[in-house]
Asks: 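For reference, the structure I am asking about is given below.
Each ligand, and each atom within it, is numbered from 1 in the order the structure gives.
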Amino acid sequence: MAKSISLTRYLVEQQRGHTGPADSPGAIPPQLRLLLEVVARACKSISLAVNKGALGGVLGTAESENVQGEIQKKLDIIANEVLIEANEWGGHLAAMASEEMEGIYVVPNRYPQGEYLLLFDPLDGSSNIDVNVSIGTIFSVLHKPEGSGAGVSEQDFLQAGARQVAAGYCVFGPQTTLVLTVGAGVVMFTLDREQGSFVLTQENVKIPEDTKEFAINMSNMRHWGTPVKRYIDECLQGVEGPRGKDFNMRWIASMVADVHRILTRGGIFMYPWDKREPEKPGKLRLMYEANPMSWLVEQAGGASTNGKHRILDIQPSKLHERVSVILGSKNEVERVTRYHSE
Ligand code: AHM
Ligand code: MG
């Protein structure tokens with residue numbers, strides 16, 4: 001039987017291979033390796049809290065709203081605290097930003113400040129927490145811009161997704177799986193609960209270019225723009241329609257779980273702009289949902305756009321910016337994007 005490779009070993013080997021500049025693709029400088037280890041450790045703690053469910057008293061809503069005006073669940077807050085407490089003291093980070101916090105969280109003065117910036121959605125798929133359906137933690141790592149001075153500000157975070165140095169998610173489902181890219185392809189690690197460590201279970205993840213499976217919240221159909229309506233309408237016509245094949249639909253309402261399925265067997269995921277709030281570009285957040293997922297998908301050979309542009313090229317103008325998302329199997333994403341320009 002092949003030797004099992006832990007996340008720690010994988011990261012150490014990546015670090016040994018690092019000879020180029022700190023932000024060259026696939027390279028893991030020591031500080032980034034430490035950071036990723038700590039994020040993974042936090043994910044283990046969150047996984048434990050999620051698994052306890054009602055026994056741990058962690059289900060249900062908290063008495064608070066986040067910056068986006070959404071009612072927070074107890075686990076949203078717990079996961080956010082776990083990530084902050086795990087990451088603030090290690091010396092590898094300058095600051096953090098989260099879906100659950102309005103402003104950035106600067107590493108307190110009592111700890112050394114590092115060069116990296118960490119963004120996360122501590123618990124994505126909040127509506128699934130209480131019903132025991134897969135949820136997850138999404139994270140994105142940026143380097144503090146060169147020449148940005150001693151302090152750290154929100155402005156330092158406003159970098160396009162193409163500048164990420166690491167991105168990933170941990171999905172808490174029947175298995176707990178950590179999925180990661182540092183720019184050298186996509187790797188998956190499964191949590192071995194007896195050993196308490198993440199073990200490499202899939203390397204070189206590749207998304208098939210074609211698919212017969214789409215993921216979209218169909219209840220919003222009447223609000224969509226014409227290109228998305230046209231695409232889904234053609235899928236629904238099946239073998240008799242212009243696509244000449246039958247499609248299947250899946251919608252988990254946890255982006256992590258939907259993206260995990262797409263990385264595993266292909267598919268297209270869409271949360272497009274719609275007419276309900278026309279001034280909002282979309283529902284999902286650019287910096288800690290769309291960017292990390294888009295980089296993972298591209299690293300696995302897929303594509304990701306907002307209908308017009310590659311998501312990773314979008315220059316963010318604010319921390320909690322929203323974006324329309326179309327990602328997954330390359331040929332399908334290119335088709336929907338083409339429909340937007342026709
Ligand atoms: P959240 O970060 O508050 O959980 O919201 C994001 C989630 C995504 O995971 C998922 O794709 C989408 O919202 C589901 O939205 P809807 O309930 O409209 O189907
Ligand atoms: Mg989310």
Asks: Enumerate the protein N/O/S atoms at a distance below 2.8 Å from the Mg ion (ligand 2), ignoring waters.
Replies: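 Near the Mg ion (ligand 2), the protein supplies Asp121 OD2, Asp124 OD1, Glu289 OE2.
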
Asks: Does atom NZ of Lys245 have more than 12 heavy-atom neighbours from other groups under 6.0 Å away?
Replies: yes

Asks: I'd like the atom pairs linking ligand 1 to the protein - N or O on both sides, separation under 3.5 Å - with distances to 0.1 Å.
Replies:
from: ligand 1; atom 1: 2 (O); to: Glu99; atom 2: OE1; distance (Å): 3.1
from: ligand 1; atom 1: 2 (O); to: Glu99; atom 2: OE2; distance (Å): 3.1
from: ligand 1; atom 1: 2 (O); to: Asp121; atom 2: OD2; distance (Å): 3.1
from: ligand 1; atom 1: 2 (O); to: Asp124; atom 2: OD1; distance (Å): 3.2
from: ligand 1; atom 1: 2 (O); to: Arg285; atom 2: NH2; distance (Å): 3.3
from: ligand 1; atom 1: 2 (O); to: Glu289; atom 2: OE2; distance (Å): 3.0
from: ligand 1; atom 1: 3 (O); to: Glu99; atom 2: OE2; distance (Å): 3.3
from: ligand 1; atom 1: 4 (O); to: Gly125; atom 2: N; distance (Å): 2.8
from: ligand 1; atom 1: 4 (O); to: Ser126; atom 2: N; distance (Å): 3.0
from: ligand 1; atom 1: 9 (O); to: Asp124; atom 2: OD1; distance (Å): 3.0
from: ligand 1; atom 1: 9 (O); to: Asp124; atom 2: OD2; distance (Å): 2.9
from: ligand 1; atom 1: 9 (O); to: Met255; atom 2: N; distance (Å): 2.6
from: ligand 1; atom 1: 13 (O); to: Lys283; atom 2: NZ; distance (Å): 3.0
from: ligand 1; atom 1: 15 (O); to: Lys283; atom 2: NZ; distance (Å): 3.0
from: ligand 1; atom 1: 18 (O); to: Tyr271; atom 2: OH; distance (Å): 2.6
from: ligand 1; atom 1: 19 (O); to: Asn217; atom 2: ND2; distance (Å): 2.9
from: ligand 1; atom 1: 19 (O); to: Trp251; atom 2: NE1; distance (Å): 3.0

Asks: Answer yes or no: is there an ion pair linking Arg243 with Glu332, defined by an N-O contact shorter than 4.0 Å?
Replies: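 Glu332 and Arg243: salt-bridged.
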
Asks: Check the side chains of Tyr339 and Glu234 for a donor-acceptor pair under 3.5 angstrom, ignoring hydrogens and angles.
Replies: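 Judged by distance alone, the side chains do pair up.
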
Asks: Please check if the number of heavy atoms outside Lys73 that lie under 6.0 Å from its NZ is greater than 12.
Replies: yes

Asks: Give me the one residue out of Gln159, Glu289, Gln164 that meets side-chain hydrogen bond (donor to acceptor under 3.5 Å, both in side chains) with Ser140.
Replies: Gln164

Asks: Whether Arg230 and Asp233 form a salt bridge (side-chain N of Lys/Arg under 4.0 Å from carboxylate O of Asp/Glu) is what I want to check.
Replies: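 Arg230 and Asp233: not salt-bridged.
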
Asks: Please tell me whether Arg193 and Thr176 have a donor and an acceptor in their side chains that are separated by less than 3.5 angstrom.
Replies: yes

Asks: If you take all heavy atoms of Ile326 and Asn306, which pair is closest and at what distance?
Replies: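 Between these two residues, the closest heavy atoms are CD1-C, 4.2 Å.
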
Asks: Would you call Arg41-Glu37 a salt bridge at under 4.0 Å N-O?
Replies: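 Not counted as a salt bridge, because no side-chain N and carboxylate O are separated by less than 4.0 Å.
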
